[in-house]
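Report on one structure; see the data block that follows.
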Amino acid sequence: MAAGLAELDRWLDDRMRTGLGDSSIAQYSTWDQLAARLVDAQVGGLANRVRRLAGAVGAQPNWHEHVVAELGVLHLLAQSGRRLGELPVELADAVGAAIGWQVRQADVLEGVPLTDRWMVMGRSDTREDRIEVRRVWLRGVGTGRWAMVLSFAAYGQSLDTSLEIGTVVHADIYAYPGVLGLRALVGRRHGEPVRYNEVSALDLLGACAHVGASFAAEPWIERVPCCVLASPTLHEGQWVLTDAYGSLPLVCDARTLQMVLACSEGRPVALTVEFTAAGVLPLTVHLVDRHVDVGPIADASFVGAR
């Protein structure tokens with residue numbers, strides 16, 4: 001692992017010397033070969049980040065800014081991963097998870113659970129190589145804490161559908177090690193899920209404070225969940241979420257944008273979103289009488305109102 005992290009730092013030094021104008025940056029093989037070596041070095045988490053970063057090259061007019069920022073995150077993780085013994089325990093655990101250390105589910109389930117009534121707030125599906133990945137975001141009614149439940153499906157398999165958006169589940173949650181401890185497993189359930197109606201939402205000022213604190217704790221985190229109250233608005237040719245405190249760019253496909261606009265009718269609406277480096281990704285529109293799943297999907301199937 002140490003050798004792999006050292007090689008990553010040397011590779012990053014080379015990229016900084018040659019600059020992003022180097023023609024090799026636009027070649028996927030440049031990134032894929034590095035990712036393959038990182039997998040061999042048992043730091044698969046960094047390999048995944050490298051492959052995702054390859055897809056960002058040239059994708060947007062300001063792609064250089066995003067790529068440079070992410071290269072800085074890779075350098076931070078490479079340096080931190082080589083100094084795990086010097087870090088506080090929770091921070092070392094978070095770094096280990098980010099670079100790709102595997103934690104057995106059995107070990108997680110041996111920890112102390114957090115029991116609460118968990119609202120199923122949103123869902124996001126992505127495809128990584130040939131594997132579909134589903135993130136389901138839960139928020140504790142009593143604690144206000146967020147938790148992310150991951151499920152995976154290879155070709156021909158189905159993703160977990162046991163956590164339905166718009167329901168609240170009284171359950172034990174076991175968090176993976178880390179500062180934020182967002183990733184979690186669902187343990188014992190204390191009864192059947194029931195529907196919830198109202199959700200509490202932050203204004204954009206409060207949401208940015210929440211997200212800022214999360215990034216300060218784990219600067220390499222790629223997405224932070226939040227429930228915001230804001231209006232979708234077209235500003236200078238770009239769709240944004242806006243309120244009295246400012247605006248944040250929306251990053252979503254046409255399907256998601258159309259559903260958000262149709263549900264909100266241009267008025268302030270509560271949305272569960274993921275904050276990312278590129279902008280805000282809507283997952284769920286919370287209306288008075290229903291919760292509309294607008295999160296990204298990894299295939300052609302349509303996910304409608306809940």
**Q.** Partners passing side-chain hydrogen bond (donor to acceptor under 3.5 Å, both in side chains) against D160 (at least two apart in sequence or in another chain)
**A.** S162
**Q.** Donor-acceptor contact present, side-chain S231 to main-chain T233, <3.5 Å
**A.** no
Q. So with a 6.0 Å cut-off around CZ of R15, is the heavy-atom count from everything else above 12?
A. yes
Q: Any chance you could lay out the side-chain contact (heavy atoms from CB on, under 4.5 Å) test for Q258 and T256, step after step, and finish with the verdict?
A: CA-CA 5 Å; Q258 290 165 4; T256 295; over 6 Å; no
Q.
Looking at A26, is its backbone amide N or carbonyl O close enough to the side chain of T30 to form a donor-acceptor pair, meaning the two atoms are under 3.5 Å apart?
A. no
(Q) Return the SG to CE distance between C252 and M259, rounded to the nearest 0.5 Å. (A) 11.0 Å
**Q.** Test item: P282 and L250 side chains (from C-beta on) under 4.5 Å apart, heavy atoms
**A.** yes
**Q.** Any donor-acceptor pair under 3.5 Å from D116 side chain to W118 backbone
**A.** no
Q) Can you say whether the rings of W137 and W146 are parallel (under 30°), tilted (30 to 60°) or perpendicular (over 60°)? A) perpendicular
Q) For E192, does the CD atom sit with more than 12 other heavy atoms under 6.0 Å from it, leaving out its own atoms? A) no
Q: Kindly work out whether a path of hydrophobic side-chain contacts (I/L/V/M/F/W/Y, heavy atoms less than 4.5 Å apart) joins L182 to V103.
A: no
Q | Side-chain touch L163/L138, heavy atoms, less than 4.5 angstrom | A | yes
Q.
According to a hydrophobic-cluster definition based on side-chain heavy atoms being under 4.5 Å apart (Ile, Leu, Val, Met, Phe, Trp, Tyr only), do Y176 and I221 belong together?
A. no
Q. Do we see a donor-acceptor contact under 3.5 Å between the side chains of R83 and Q79?
A. yes
(Q) Can you confirm whether more than 12 heavy atoms, excluding those of H190, are under 6.0 Å from its NE2 atom? (A) yes
Q.
If I compare all heavy atoms of L241 with all of A230, which pair ends up nearest, and what's the gap?
A. CB-CB, 4.1 Å
(Q) Is it true that R223 and T276 share a donor-acceptor pair across their side chains at a distance under 3.5 Å? (A) no
Q. Tell me the ring-ring contact (aromatic ring centres under 6.0 Å, His included) pairs involving residues 261-286, sequence neighbours left out?
A. H286-H291
Q: Flag the pair R104 and E110 as a salt bridge only when some basic side-chain nitrogen lies within less than 4.0 angstrom of an acidic carboxylate oxygen.
A: no
Q: Could you grab the distance from atom CG of L281 to atom OG1 of T272, nearest 0.5 Å is fine?
A: 11.5 Å
Q: Report yes or no: does D40 contribute a side-chain atom to a donor-acceptor pair with the main-chain N or O of Q42 at less than 3.5 Å?
A: no
Q) If you round to the nearest 0.5 Å, how far is CD1 of I297 from CD of E132? A) 10.0 Å
Q: Indicate whether the side chain of T242 and that of S247 have a donor and an acceptor atom separated by less than 3.5 Å.
A: yes
Q. Can you name the closest pair of heavy atoms from L20 and W63 and give their distance?
A. O-CH2, 4.0 Å
Q. Who else is in the cluster with V89 when I, L, V, M, F, W and Y are joined by side-chain contacts under 4.5 Å?
A. none
Q: Grab the two heavy atoms, one from V292 and one from C263, that are nearest each other, plus how far apart they are.
A: CG2-SG, 3.8 Å
Q: Take R195 and E164, measure what side-chain contact (heavy atoms from CB on, under 4.5 Å) needs, and give me the verdict at the end.
A: CA-CA 9 Å; R195 309 296 297 185; E164 182 182 359; 3.3 Å; yes
Q | Smallest separation among heavy atoms of V251 and G279, with atom names | A | CG2-C, 3.6 Å
**Q.** Residues forming a side-chain hydrogen bond (donor to acceptor under 3.5 Å, both in side chains) with T115, sequence neighbours excluded
**A.** D172
Q: Decide yes or no on side-chain contact (heavy atoms from CB on, under 4.5 Å) for V120 and V136, but give the supporting numbers first.
A: CA-CA 7 Å; V120 185; V136 176; 3.7 Å; yes
Q: Could you tell me whether D125 and R123 have a side-chain N and a carboxylate O separated by less than 4.0 Å?
A: yes
Q.
I'd like to check V67 versus L53 (side-chain heavy atoms, cut-off strictly below 4.5 Å). Are they in contact?
A. yes
**Q.** Point-to-point distance, once rounded to the nearest 0.5 Å, from CZ of F215 to CG of L180
**A.** 10.0 Å
Q. For residues 20-61, which residue pairs qualify under ring-ring contact (aromatic ring centres under 6.0 Å, His included), counting only residues two or more places apart or in two chains?
A. W11-W31
Q: Using modelled atom types only, decide if a donor and an acceptor are shared between the side chain of T18 and the backbone of D14 within a distance under 3.5 Å.
A: yes
Q) Any side-chain heavy-atom pair from L150 and M148 closer than 4.5 angstrom? A) yes
Q. How long is the gap from CG on L34 to CZ on R51, to the nearest 0.5 Å?
A. 9.5 Å
Q) Are D293 and L283 close enough that some pair of their side-chain heavy atoms sits under 4.5 Å apart? A) no
Q. Of the non-hydrogen atoms in G4 and L38, which two are nearest, and what is the gap between them?
A. O-CD2, 3.7 Å
Q.
Set out, in order, the CA-CA distance, both residues' side-chain angles and the distance that settles side chain to side chain donor-acceptor pair (under 3.5 Å) for S200 and R139, then state yes or no.
A. CA-CA 11 Å; S200 60; R139 189 173 68 181; 3.2 Å; yes
Q) Can D32 and S29 be counted as having a side-chain donor-acceptor contact under 3.5 angstrom? A) no
Q. Is the count of non-hydrogen atoms from other residues, nucleotides or ligands lying under 6.0 Å from F152 atom CZ greater than 12?
A. yes
Q | Heavy-atom pair of closest approach, residues R255 and G295 | A | NH1-O, 3.3 Å
Q: Report the distance from atom CG of L8 to atom CG of L71, rounding to the nearest 0.5 Å.
A: 9.0 Å
Q) Any side-chain heavy atom of L84 within less than 4.5 Å of one from W101? A) yes
Q. Would you call V260 and L271 a side-chain contact if the rule is heavy atoms closer than 4.5 Å?
A. yes
Q.
According to salt bridge (charged side-chain N to carboxylate O under 4.0 Å, His left out), does anything in residues 59-71 pair up with another residue at least two apart or in another chain? List the pairs.
A. R49-E70
(Q) Could you see if V199 belongs to whatever hydrophobic cluster contains V141? Use Ile, Leu, Val, Met, Phe, Trp, Tyr and a side-chain cutoff under 4.5 Å. (A) yes
Q) Is there a path of hydrophobic side-chain contacts, each under 4.5 Å between heavy atoms of I, L, V, M, F, W or Y residues, that connects V273 with L202? A) no
Q) Between T161 and R134, is any pair of side-chain heavy atoms under 4.5 Å apart? A) yes
Q | L185 with M119, same ILVMFWY side-chain cluster at under 4.5 Å | A | no
Q: Using modelled atom types only, decide if a donor and an acceptor are shared between the side chain of H64 and the backbone of V57 within a distance under 3.5 Å.
A: no
(Q) Apply side-chain contact (heavy atoms from CB on, under 4.5 Å) to residues I99 and M1 and explain how you reach the verdict. (A) CA-CA 10 Å; I99 66 178; M1 186 192 76; 3.7 Å; yes
